Structures are given as structure tokens and as C-alpha cells.
Asks: 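Below you will find the structure I want to go over with you.
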Amino acid sequence: MARTDTTHDAFWSKPGKEPWRAAQQPPERRRKRQPQRRRARGGLGTGVRNTDARGADVRGTDLRDGARPRAADTRATRATREDLKPLDTRLLDARLPDPHGSVPPPPPAVPPAHGARRHGARRASRAPHVRDRRARRSLFGASDRMGTGAMVLSVVVGLAMLAIVERSLLGGPATGPNRQAGAERGLADRRPRDGAPARSRPSAAPPGPAAPAPAAPPGPDLRRLAADVRVATVNERGPAARAEYGVPSVRTPLVTVDRTSRDRTWAFGTTAIPVPAGSRAVPQIAFFAARWTVRDGWRTALSGTPAFTAIAAGLPAAVMSAGEGRALVRFSALSAGRAPAAAAADRLMLPWRAGTAWAMDTADFGRPLSALSFSGGDGVVRAAAGGRLYRFCGAGLLMIVHDSGLASAYDGLHAPTALRDGSAVGRGDVLGRTGTARPCGGAPLTHAQVGFTLRRGDGSVPLDGVGLGGWVFRETGAPPAGRAERGPLQVLPGGLLANLGPVPAATAPPDPAPTGDAGDAGDDPSPAPEASADGAAAGAPLDKEPEQ
Amino acid sequence: MKTRSSDDPLLPSWVLRAVIVGALAVLAGAATPPGAALAGGAQSFLSYYAGVFTLLALTAAVVFGLLATDRLILGIRQRVVAQAAHRAASVLAFTFVVAHLLVKVLGGLAAPAQIVVPAVGPVGLGTLAFDLLLVVLATGALRARFARRARPWVWRTLHSLAYVSWPLGIAHGLTAGRAAAPWVTLSYVLCLGAVALAVLTRSIAGVRPRQVRRAGEDVAAPAPLRTRGTAPAARAAGARGEAVR
């Protein structure tokens with residue numbers, strides 16, 4: 001019965017179950033132990049005694065005096081007597097019926113005394129034992145429950161892992177909303193991409209947008225995806241591009257598949273229609289999101305369409321984080337009417353160091369404020385506001401999707417930043433240097449500059465009425481001309497424009513008076529220098545408080 | 001009193017059968033579309049939370065393990081419960097760290113080599129913590145063996161690697177992945193401080209060498225109180241304890 005396996009077991013083993021301890025106790029208590037009673041009943045004819053003990057309840061009161069001598073038997077003497085015996089006999093004694101009890105002559109008189117004493121003794125000395133046992137049971141129950149709970153939870157997690165591993169091994173087009181899709185931008189290929197297009201850029205190779213893959217392969221095919229995206233780009237953006245570029249047909253779109261899920265059934269990337277060499281138009285660019293299913297093949301959607309919202313919202317988290325997906329959905333859904341308010345909400349500044357002045361030029365085609373170009377200063381182009389960075393046409397055209405959904409695009413950068421697509425940038429972060437590169441095509445440039453446009457999901461946002469860096473840009477005049485205004489100050493194309501930082505455009509409410517009398521002076525470039533000088537002078541004290 | 005003996009099998013035999021049946025059911029179910037959806041949901045959930053659960057379980061394991069050694073405040077029973085909680089939390093920590101690694105590797109967010117080979121960076125911290133955790137868990141599982149070979153100090157030294165692994169894991173959790181909320185950072189820092197304090201207390205209070213008691217000696221100590229016997233009885237009880245052992 002003695003268990004010696006661990007220290008704790010010995011701690012917790014019941015003293016009554018130890019034979020030697022049972023032997024040490026007074027005989028009348030010894031007999032109450034369950035196992036001993038069973039042994040006694042089987043072996044040595046104490047059945048009579050037991051019946052006597054039962055009968056004791058009837059006669060117990062008047063015969064109590066007979067018990068007194070037994071109870072008065074001092075425990076010390078009995079203990080010493082017991083201790084003198086060798087262990088074996090003590091163990092034997094524990095099994096035998098009570099020797100003291102059987103020797104005294106009046107057998108019927110003794111057991112009632114046992115019974116009377118037993119009840120008292122149990123109440124007095126065994127109550128703590130019972131409490132102990134209960135406490136112990138609850139304690140061990142708590143321990144066992146904890147261990148069992150941990151094991152059960154582990155098994156559940158293990159089963160879940162089994163399912164996950166199976167799904168990822170099966171791969172292929174699963175139908176779950178959020179499959180075990182790994183980001184292709186794993187840690188292994190997380191490297192800066194400067195200049196050269198790093199990912200699959202099949203735009204240069206296949207000639208036509210309608211070049212289909214020979215046969216539908218069993219799994220998703222990224223070349224097929226690029227072809228599909230090209231077709232979609234030409235279909236959706238082609239008319240606008242032809243009108244803006246002034247050409248009857250457009251060239252093959254530049255498609256970059258930026259990310260795919262591990263099983264290649266989800267994809268996200270960028271597309272752009274290159275500008276012809278003779279035009280200085282703003283390139284048409286868009287994001288695309290695509291999903292491949294066995295039944296439908298690739299389903300692609302360009303930003304600015306409801307389908308894009310649907311697919312982008314379903315992109316697995318491993319391809320695109322939820323926050324990024326929401327930002328792109330906002331970008332895609334931004335309407336033209338809300339664009340100026342969005343610019344104000346983003347507190348856009350001009351794309352260079354606040355407090356310095358660069359030369360401004362407006363577009364020389366279409367609407368003058370469809371695009372701006374800036375040059376001069378230290379040549380370092382900076383983010384107009386915080387957001388997420390993406391690149392188009394390889395790497396030369398950067399676009400930052402701001403929190404409101406409005407995006408600012410920076411064209412023709414030299415040495416653009418090596419941040420990954422989707423990286424978060426803050427206002428004023430360096431994006432690159434002004435340059436003469438034309439990554440999306442177009443007429444060559446004569447001097448280093450950065451082309452600046454605002455974008456929303458399905459096209460560019462005219463800068464008319466938009467506040468940037470404390471200035472409000474306006475188109476006025478019969479042949480429309482663009483200018484920047486701030487209160488009484490104006491900057492005309494070719495003039496120096498001071499970046500006042502992220503000053504809310506509300507501080508410079510559009511004033512119709514200077515707009516009216518400046519309208520006839522719009523084609524005269526001579527007032528521009530002093531106006532810009534004023535602007536720069538005014539900018540110096542102002543840029544202190546909003547410096548980021 | 002039903003307490004599990006260490007000789008009993010760890011689990012009832014039907015548990016293994018139930019687990020096997022469940023595994024087969026899961027394998028079959030994950031091949032169906034709704035099962036795939038569920039598996040995807042489980043994966044995204046685990047990808048997001050397995051690391052957090054690992055850190056929580058590891059924190060609990062360290063705290064309860066430390067509590068179980070405390071002899072200043074807690075009684076024996078509380079210490080036994082603390083030890084059970086320590087074991088349960090350790091099992092959970094191991095489960096979740098394995099789930100964390102598997103999900104991250106399957107999701108393409110970590111290279112398989114990064115599980116074992118530490119590198120510089122936030123992920124490398126986690127790798128280092130995991131390696132140390134393996135040692136700690138191995139010693140925890142082989143505790144009885146260490147104790148029987150009478151080399152408790154080896155075990156104690158190896159097992160106290162947890163005090164290195166756990167802060168590394170917390171540093172990994174706070175630096176890698178998404179940014180932690182301020183209250184999360186604060187809780188971990190408080191936890192680290194409390195544990196550091198407790199370890200300091202333990203190292204100071206534990207200077208006195210522990211008396212390693214064998215089974216019989218343990219029962220010998222309370223014997224005089226229970227039997228209210230005389231001195232020879234107590235002495236004899238000690239002798240009997242030896243005999244029983």
C-alpha cells in the first residue's frame with residue numbers, strides 16, 4: 001500500500017492506509033478502518049463482534065460505564081507496547097481482531113462502549129480528516145482538470161493544424177474565403193527593388209493584348225493573367241487614354257503582377273498604358289486584383305470598378321493586409337466630387353522640403369491643371385502626405401495612396417526609393433530625385449523635374465480647386481491657365497512656389513478678387529517672380545508650426 | 001481519494017482511439033469546400049493569434065513554475081496546484097509555438113530554416129527563444145530522470161534557461177509582426193519585472209541548501225503531531241518510515 005514513487009505521493013498518502021500507523025492507533029479505532037474490517041469478517045470470525053457493534057446503538061447509554069476502563073487505557077503505554085514489537089507482528093496485529101477486546105470477559109458489554117466512543121471520536125478527530133480529504137480531492141481535481149484541459153486544447157489545435165497542413169499540401173483552387181495562401185513576398189525575396197522591375201513583368205514580351213494562352217492549363221497561369229489584365233486595361237482605360245494621348249490606338253499596357261497567393265489563385269498588381277513618344281499626357285494607370293477559379297479562370301478587375309472592391313476585399317491576409325485592402329478599396333471608390341475634400345483631409349503639401357521654393361509648371365496639353373511639374377530646389381522629391389507606396393511602369397512612377405483614398409503620383413523620378421510596394425510612408429519621406437526619365441513613355445524632357453498628379457480609382461483628379469502646401473490651385477481665363485493662390489499671393493506657371501508644409505487649405509480661402517484681376521495677367525509671365533518671391537517670404541514664418 | 005499514480009498510463013486508452021478517429025474525420029472534412037473554408041479560417045486565426053497565445057502560455061508557465069518553487073508564501077497544496085498549472089501552461093505553450101511555426105512557414109512568412117537557425121533580427125530572436133524553449137521542455141519532460149540520477153543541479157541549470165527563453169520570446173513578440181498596443185507592452189514589461197523580482201527573491205531566499213527528503217522521511221515529520229505520541233513513538237515512526245521505503 002505504501003507508495004514510494006514520488007515525494008508528493010508520500011506527502012499525500014492517507015495516514016490511515018499505512019499499516020504501521022493503523023497498528024499504532026487504539027484498537028477500537030483500528031477496527032473501524034474499512035479494509036481491516038473486511039479482512040476480519042472474512043477470516044477470523046468477528047462477525048459476532050460486528051453484530052454486537054450494531055446492537056450497541058440500542059444499548060449504548062446504560063452500558064457506557066463498562067467502556068470507561070478501556071478508554072482510560074493510556075495511549076502512551078499502548079504505543080510503547082506496540083513499538084516494542086517488531087514490524088511484522090505489528091502488521092499482523094493490524095489484521096487480527098483486537099486482542100485486547102477479546103480478552104476481557106464481558107463481550108456484550110464492550111462493543112456498545114466501542115460504539116459510543118467511536119461516534120465521539122469520529123466527530124472529534126476525524127472531522128479534520130474528512131475536510132482534508134475533500135480539500136485534497138478538490139485540489140487534485142483542479143490539477144487534473146488543468147492538465148486535461150491543456151491536453152484537450154492541444155489536441156484541438158493539433159487537429160486544426162492537421163487540416164491546415166492538408167489544405168496547404170492539397171493546394172490548388174480551394175473554395176475557402178481565406179485559404180492558406182502565403183505571401184509571395186516571403187522573407188526570402190524581401191529585397192529592395194531599385195530601378196529594375198523585379199517581379200514578373202511580361203509586358204515587353206507578348207506583343208498583343210489579345211494573345212491568348214494556347215490552352216487553358218489546369219492551374220492558374222500568371223502569363224494568362226497578364227494577358228487578361230492587358231485586355232481589361234485596354235477595354236476600360238483605352239478610350240480615355242486615346243483621348244488624352246491624342247492617338248488612334250494605344251500601345252500594349254505595362255502589367256506588373258506584384259503579389260500572388262502561394263497557390264497563385266489570388267493576384268494583385270499594377271497596369272499602365274504607356275504614353276506615346278510625342279505626347280506629354282498623364283499616363284493612365286490602375287491597380288488590378290484577380291482571382292482564379294476552376295470554373296471561370298481568371299477574373300480580373302481594375303481599380304475604379306465595383307468588381308475591384310469585391311476582389312480586393314476578399315484577398316487573403318497573406319497577400320494583402322486588411323488595412324491595405326481597405327485603403328485600396330477607398331482609393332478605388334473615391335468619386336470625383338469628393339476628391340478636393342479628400343485632399344484637404346489628407347493635408348497634402350507640395351512634394352519637396354517644406355519651407356523651400358521650387359519652380360512650378362502646369363501641363364501644356366489638355367487642362368493646365370491636369371498635372372503639375374516641379375523642378376529646382378535640392379531636387380529631392382518627398383511624399384506629399386502619409387500613405388502606402390506603389391510603383392508603376394517598372395519603378396519610375398511612384399504613387400502614394402493616402403488615408404482618404406486620394407493618391408498622389410510622382411512621375412519621372414531618378415533613383416526612386418527602394419521601399420516595397422505597399423510600404424507605409426510618412427509625409428516628407430524621400431521618394432527619389434527629380435529626373436528626366438520617362439518610365440511610362442511620353443515626350444522626352446529637357447530638364448530634371450517631377451510630374452505631380454492626383455489620382456483616384458479610375459483616373460486622374462484635376463488640381464483645380466485643390467489645396468497643396470498652403471496654396472490653392474485654380475484654373476482661370478478663356479484659354480484656361482493654372483495658377484497657385486494664397487490670399488493675395490499668386491504664383492503663375494514658371495514661378496517659384498514655396499512649400500508651406502501641411503497647412504490646411506482652409507487657412508487660405510479662395511478669394512475671388514485676386515482671381516478676377518489676375519485673369520488678364522495670366523499670359524504675362526513677368527509678375528510671376530515677385531509674386532513667388534512674396535510667396536517664399538510668406539512661407540518662411542508660416543512653415544514653422546506645421547513642420548512635420 | 002482518486003489521484004493518478006505515476007504508474008498509471010498517462011491517458012486512458014480510448015483517448016488515443018478518439019484522437020485517431022478525430023484526425024481521420026478532420027482529414028476527410030478538410031477536403032470538402034466547407035471544411036476548406038473552416039481550415040482557412042483556422043489558419044488565419046492561428047496566424048494572428050498562435051504567437052500571442054504562445055507568449056501568454058509561456059508567461060503563465062514561467063510564473064507558475066516560479067510560484068511552485070516558492071516556500072515563503074505558499075503552502076504545499078498551493079504549490080502542488082501551481083505545479084499542475086505550470087505543466088498545463090507548458091503543454092499549451094509548446095502546442096501553440098508549434099502551431100505558430102507551422103502556420104508562419106506554411107504562409108510563406110518564414111523560411112523553414114528559420115525555425116531552428118537563428119539570424120539577426122526580430123525573427124531570429126524568436127528562433128533563439130524557440131531553441132532554448134526546446135531545451136527547457138526536454139528537461140521538463142525528463143525531470144524524473146534527472147532527479148533519480150541525483151543531479152538536480154544539472155536539471156535546475158538547464159531548466160532555468162527558461163528565464164532566458166521567455167524574455168527573448170517576449171522581445172520577439174514585441175518587435176516582429178504587427179505593432180503591439182501600449183497596454184500589451186506595458187503588461188509584458190510588468191510581468192518581466194515581477195518575475196525578475198521573484199527570481200531575485202528566490203535566489204536570495206534559496207541560499208540555504210534544500211533538504212532532499214525521501215518518501216519515508218516526509219511522513220516522519222508530521223507524525224508526532226498526528227498521533228500525539230511520545231518521543232519514542234516519533235522516533236520509531238521515523239524508523240518505520242525508513243522501513244516502508
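As the structure is a prediction and not an experimental result, all values here were calculated from the model. So that the names make sense, note that chain A is the first sequence line, chain B the second, and so on, each numbered from 1. Reckoned from all heavy atoms, side chains included, excluding hydrogens, waters and symmetry mates.
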Asks: If I compare all heavy atoms of G22(B) with all of L159(A), which pair ends up nearest, and what's the gap?
Replies: C-CD2, 4.1 Å
Asks: Using side-chain contact (heavy atoms from CB on, under 4.5 Å) as the criterion, list what pairs up with V136(B), not counting sequence neighbours.
Replies: H159(B), L161(B), A162(B)
Asks: With a 4.5 angstrom heavy-atom cut-off, is it the side chain or the backbone of F45(B) that approaches chain A, or both, or neither?
Replies: neither
Asks: So which residue, A31(B), A50(B), A57(B), ends up with the most heavy-atom pairs under 4.5 Å with chain A?
Replies: A31(B)
Asks: Take L153(A) and L92(B), measure what side chain to side chain contact (heavy atoms under 4.5 Å, CB included) needs, and give me the verdict at the end.
Replies: CA-CA 7 Å; L153(A) 204 48; L92(B) 283 185; 3.7 Å; yes
Asks: For chain A, which of A42(B), A30(B), A84(B) has the most heavy-atom pairs under 4.5 Å?
Replies: A30(B)
Asks: So V26(B) and E166(A), side chain to side chain contact (heavy atoms under 4.5 Å, CB included) or not? Walk me through it.
Replies: CA-CA 9 Å; V26(B) 164; E166(A) 186 199 358; 5.5 Å; no
Asks: Which atom names give the shortest non-hydrogen contact between V91(B) and S154(A), and what distance separates them?
Replies: CG1-OG, 3.3 Å
Asks: Do the non-hydrogen side-chain atoms of I164(A) and L46(B) ever get within less than 4.5 Å of each other?
Replies: yes
Asks: Is the shortest side-chain heavy-atom distance between V103(B) and M161(A) below 4.5 Å?
Replies: yes
Asks: For V117(B), check side-chain contact (heavy atoms from CB on, under 4.5 Å) against everything at least two apart and list the hits.
Replies: none
Asks: Evaluate whether atom CZ of F94(B) has more than 12 neighbouring non-hydrogen atoms of other residues, nucleotides or ligands under 6.0 angstrom away.
Replies: no
Asks: Could you check whether any side-chain heavy atom of R262(A) comes within less than 4.5 Å of a side-chain heavy atom of L106(B), counting everything from C-beta outward?
Replies: no
